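There's a structure below that I have some questions on.
Since the model is a prediction, treat every value here as computed from it, not as a measurement.
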Amino acid sequence: QVQLVESGGGLVQAGGSLRLSCAVSGGTFSRYALGWFRQAPGKEREFVAAINWPGGNTNYGDSVKGRFTISRDDAESTVYLQMNSLKPEDTAVYYCAASRRNRGWTYTGRSDYDYWGPGTQVTVPS
């Protein structure tokens with residue numbers, strides 16, 4: 001059974017940084033495309049960032065381009081989201097996701113992903 005667990009969330013002042021981690025177990029991590037999504041209260045879950053299998057290609061939502069960076073460490077079965085220059089509008093629960101689709105693409109749709117973590121809260125006070 002594939003399990004994803006996020007960590008690294010918390011409270012950070014505007015302009016600060018956080019690095020989220022997502023540990024994946026129970027599957028063949030190196031064959032997955034990976035992504036991060038977020039959901040703020042009362043809003044739809046939105047795409048944040050994605051990285052393809054086997055790595056090297058990334059994709060970002062417009063609101064985070066230039067500020068967030070996704071990366072993967074296949075040896076550690078972990079995907080990361082480095083978040084810089086955080087803004088109050090980045091406040092949300094952040095979810096990592098894994099997709100068994102391994103065509104070498106990045107995936108931005110929720111339905112493209114097969115496995116999800118429970119989420120980690122990121123709060124940036126205004």
Fill in: Criterion side chain to side chain contact (heavy atoms under 4.5 Å, CB included) on Leu18 and Val122, from CA distance to verdict
CA-CA 9 Å; Leu18 279 176; Val122 172; 3.9 Å; yes
Worksheet item: Out of curiosity, Glu46 CD to Ser63 OG, how far, rounded to the nearest 0.5 Å?
Response: 5.0 Å
Worksheet item: Between Val93 and Trp116, is there a shared hydrophobic cluster once you connect ILVMFWY residues whose side-chain heavy atoms come closer than 4.5 Å?
Response: yes
Worksheet, complete the sentence: Residues at least two apart in sequence or cross-chain that pass salt bridge (Lys or Arg N to Asp or Glu O under 4.0 Å) with Asp112, listed by chain then number, are Arg101
Worksheet item: Hey, does Leu81 have a side-chain heavy atom less than 4.5 Å from the side chain of Val48?
Response: yes
Worksheet item: Heavy-atom distance under 4.5 Å between the side chains of Asn59 and Thr108, does that happen here?
Response: yes
Fill in: Exercise: identify the closest heavy-atom pair between Leu34 and Phe29
CD1-CZ, 3.4 Å
Discussion item. Less than 4.0 angstrom from a charged side-chain N to a carboxylate O is my criterion; do Asp62 and Lys65 meet it?
Written reply: yes
Discussion item. In the structure I gave you, are the side-chain heavy atoms of Thr78 and Cys22 within less than 4.5 Å of one another anywhere?
Written reply: no
Discussion item. Once you measure the plane-to-plane angle for Tyr107 and Tyr113, does it fall in the parallel (<30°), tilted (30-60°) or perpendicular (>60°) bin?
Written reply: perpendicular
Discussion item. Between Glu89 and Val124, is there a side-chain heavy-atom distance shorter than 4.5 Å?
Written reply: no
Worksheet item: Quick one: are Glu6 and Pro118 in side-chain contact, heavy atoms under 4.5 Å?
Response: yes
Fill in: Sub-4.5 Å side-chain heavy-atom contact between Arg38 and Arg45
no
Item to complete: Start with the C-alpha distance between Phe47 and Phe37, add both sets of side-chain angles, then the distance that settles ring pair (Phe, Tyr, Trp, His ring centres under 6.0 Å), and finish with yes or no.
Response: CA-CA 5 Å; Phe47 168 72; Phe37 290 74; 5.8 Å; yes
Worksheet item: Minimum heavy-atom separation for Pro88 to Pro125, with atom names?
Response: CG-O, 3.9 Å
Fill in: Interatomic distance, Asp114 atom CG to Arg100 atom CZ [nearest 0.5 angstrom]
4.0 Å
Worksheet item: So which heavy atom on Leu4 is nearest to which on Cys96, and how close?
Response: CD2-SG, 3.5 Å
Worksheet item: Is there a donor-acceptor pair under 3.5 Å between the side chain of Asn52 and the backbone N or O of Asn57?
Response: yes
Worksheet item: Would one find more than 12 heavy atoms of other residues, nucleotides or ligands at under 6.0 Å from atom CH2 of Trp105?
Response: no
Item to complete: Any chance you could measure Glu76, atom CD, to Ser21, atom OG, to the nearest 0.5 Å?
Response: 10.5 Å
Item to complete: Group every Ile, Leu, Val, Met, Phe, Trp and Tyr by side-chain heavy-atom contacts under 4.5 Å, then state whether Ile51 and Tyr115 land in the same group.
Response: yes
Item to complete: Scan for side chain to side chain donor-acceptor pair (under 3.5 Å) pairs involving residues 26-37, sequence neighbours excluded, and state none if there are none.
Response: none
Discussion item. In the structure I gave you, are the side-chain heavy atoms of Arg72 and Tyr80 within less than 4.5 Å of one another anywhere?
Written reply: no
Discussion item. For a quick test of reading the model, state the closest non-hydrogen atom pair linking Ser17 to Ser85 and the distance between them.
Written reply: OG-N, 4.3 Å
Worksheet, complete the sentence: In Thr58, Leu20, Val64, the residue satisfying side chain to side chain contact (heavy atoms under 4.5 Å, CB included) with Ile70 is Thr58
Worksheet entry | Gln121 side chain near Tyr94 side chain, heavy-atom distance below 4.5 Å | no
Item to complete: Kindly work out whether a path of hydrophobic side-chain contacts (I/L/V/M/F/W/Y, heavy atoms less than 4.5 Å apart) joins Val24 to Val5.
Response: no
Worksheet item: Are Tyr60 and Trp53 linked, directly or through other ILVMFWY residues, by side chains that come within less than 4.5 angstrom of each other?
Response: no
